[in-house]
Amino acid sequence: MKPSKQLHQSIIEACKQNNAKAQMQLYDLYYEAMYTVALRYVKDSFEAEDIMQDAFIKAFRKMHLYKEEVAFGAWLKRIVINQSIDWLKKRKLTLVSINEEVTSIEENDDWNVGTNISYDDIVNSIDKLKEKYRVVLNLYLLEGYDHKEISQILEISEVTSRTHLMRGKKKVQEQLKSVYYG
């Protein structure tokens with residue numbers, strides 16, 4: 001059961017005072033959602049759990065920086081995403097930068113899919129992609145980052161981000177087409 005806004009606020013304030021009981025309450029409120037976010041990026045349940053735990057530790061250490069400009073869940077989610085991206089970078093995920101001079105990108109913002117295709121079907125298709133495409137699609141479609149933010153997070157050019165998005169989208173469309181119309 002989700003606590004009232006006032007109780008939620010008091011839990012956060014107690015966490016800022018390093019109250020272990022409040023930290024456990026906050027953990028209980030958010031661990032499932034944050035685990036799901038981490039798993040979306042790393043595809044390994046044990047690694048996702050470690051990343052989530054590390055993100056909570058980092059969040060509790062940095063609680064004094066949380067200024068309530070955004071919802072706590074959104075603030076924590078950003079930490080989990082950054083921890084996940086850091087883990088991918090440590091694994092030396094290579095997002096090969098594409099030569100911007102020879103690449104032209106066809107902007108196609110048509111993300112419409114058939115009405116018989118569910119959100120879960122789309123997420124499952126994204127999960128089957130190569131990491132370089134999957135990470136960009138997750139950041140862009142599911143987390144709402146723009147290409148400039150993605151390029152900074154992944155240390156790739158904006159053109160590469162757009163290219164990975166376009167190619168990943170095409171692969172998802174092909175997968176869904178073969179499943180539903182194949």
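All values below come from the heavy atoms of this structure, side chains included, with hydrogens, waters and symmetry mates left out.
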Enquirer: Quick one: closest heavy-atom pair of His64 and Lys67, and the distance?
Expert: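 Reported closest heavy-atom pair: O-NZ, 3.0 Å.
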
Enquirer: Rounded to the nearest 0.5 Å, how far does CG of Leu76 lie from CG of Leu26?
Expert: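 Rounded to the nearest 0.5 Å, the CG-CG separation comes to 7.5 Å.
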
Enquirer: Any side-chain heavy-atom pair from His147 and Leu165 closer than 4.5 angstrom?
Expert: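 In contact.
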
Enquirer: Less than 6.0 Å separating the ring centroids of Phe72 and Tyr66?
Expert: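 Between Tyr66 and Phe72, which both carry aromatic rings, the centre distance is below 6.0 Å.
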
Enquirer: Kindly indicate, with the supporting measurements, whether the criterion side-chain contact (heavy atoms from CB on, under 4.5 Å) is fulfilled by Val136 and Arg162.
Expert: CA-CA 9 Å; Val136 171; Arg162 291 177 194 280; over 6 Å; no

Enquirer: What residues form a side chain to side chain contact (heavy atoms under 4.5 Å, CB included) with Gln53, not counting sequence neighbours?
Expert: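 Per chain and number, Gln53 pairs via side chain to side chain contact (heavy atoms under 4.5 Å, CB included) with Tyr27, Glu49.
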
Enquirer: Could you tabulate the donor-acceptor pairs under 3.5 Å formed by side-chain atoms of residues 123-130, not counting sequence neighbours?
Expert:
| from | atom 1 | to | atom 2 | distance (Å) |
| --- | --- | --- | --- | --- |
| Asn124 | ND2 | Asp120 | O | 3.1 |
| Ser125 | OG | Asp121 | O | 3.2 |
| Ser125 | OG | Gln175 | OE1 | 3.4 |
| Asp127 | OD1 | Lys43 | NZ | 2.8 |

Enquirer: Counting C-beta onward and ignoring hydrogens, is there a side-chain heavy-atom pair between Leu154 and Lys132 closer than 4.5 Å?
Expert: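 A side-chain contact under 4.5 Å is absent here.
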
Enquirer: Between atom CZ of Arg134 and atom CG of Leu139, what is the distance when rounded to the nearest 0.5 Å?
Expert: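 Nearest 0.5 Å value for the CZ-CG distance: 11.0 Å.
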
Enquirer: NZ of Lys170 to OH of Tyr133: how many Å apart, nearest 0.5 Å?
Expert: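 Reported value, rounded in 0.5 Å steps: 10.5 Å.
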
Enquirer: Main chain of Cys15, side chain of Asn19: is a donor-acceptor contact present, judged purely on distance under 3.5 Å?
Expert: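 Flag not set: sc Asn19 to bb Cys15 has no pair under 3.5 Å.
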
Enquirer: Rounded to the nearest 0.5 Å, what separates atom CD1 in Ile85 from atom CD1 in Ile51?
Expert: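 Rounded to the nearest 0.5 Å, the CD1-CD1 separation comes to 9.5 Å.
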
Enquirer: Between Tyr30 and Met52, does a side-chain contact (heavy atoms from CB on, under 4.5 Å) hold up when you go through it step by step?
Expert: CA-CA 10 Å; Tyr30 288 99; Met52 182 213 39; over 6 Å; no

Enquirer: Do Ile81 and Tyr145 make a side-chain contact, defined as non-hydrogen atoms from C-beta onward lying under 4.5 Å apart?
Expert: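 Yes, their side chains come closer than 4.5 Å.
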
Enquirer: Kindly give the heavy-atom pair with the smallest separation between His164 and Leu137, and that separation in Å.
Expert: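 Reported closest heavy-atom pair: O-CD1, 4.0 Å.
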
Enquirer: Checking Thr160 against Ser157: is there a side-chain donor and acceptor pair closer than 3.5 Å?
Expert: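 Yes - a donor-acceptor pair under 3.5 Å links their side chains.
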
Enquirer: Taking atom OG of Ser161 and atom NZ of Lys148, what is their separation to the nearest 0.5 Å?
Expert: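 The distance works out to 13.0 Å.
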
Enquirer: Does Glu149 reach the main-chain N or O of Asp146 with its side chain, forming a donor-acceptor pair under 3.5 Å?
Expert: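 Such a contact is found between Glu149 side chain and Asp146 backbone.
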
Enquirer: Using every non-hydrogen atom in the two residues, find where Tyr31 and Asp28 come nearest and quote the distance to one decimal.
Expert: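 Nearest pair, atom of Tyr31 first, then Asp28: CD2-O, 3.5 Å.
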
Enquirer: For Ala48 and Ala38, work out which heavy atoms get closest and say how close.
Expert: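 Smallest interatomic distance, heavy atoms only, reads O-CB, 3.7 Å.
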
Enquirer: For a 4.5 angstrom cut-off between non-hydrogen side-chain atoms, does Glu143 reach Tyr41?
Expert: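 The answer is yes, as the side chains (C-beta and beyond) meet within the 4.5 Å cut-off.
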
Enquirer: Could you tell me whether Glu68 and Lys16 make a salt bridge, using a distance below 4.0 angstrom between a side-chain N and a carboxylate O?
Expert: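 Yes, Glu68 and Lys16 are salt-bridged.
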
Enquirer: Hydrophobic cluster membership, with links at side-chain heavy-atom distances under 4.5 Å among I/L/V/M/F/W/Y: are Ile57 and Met24 in one?
Expert: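 Not linked; separate clusters.
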
Enquirer: State, to 0.1 Å, how close Trp75 and Ala59 come at their nearest heavy-atom pair, and which atoms those are.
Expert: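 Taking every non-hydrogen atom into account, CH2-O, 3.7 Å.
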
Enquirer: Treating Asn138 as the side-chain partner and Arg40 as the backbone partner, does any N or O pair qualify as donor plus acceptor under 3.5 Å?
Expert: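 Side chain of Asn138 to backbone of Arg40: a pair is present.
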
Enquirer: So, taking the atom named CE in Met34 and the one named CG in Leu29, what distance separates them when rounded to the nearest 0.5 Å?
Expert: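 If we round to the nearest 0.5 Å, Met34:CE and Leu29:CG are 10.5 Å apart.
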
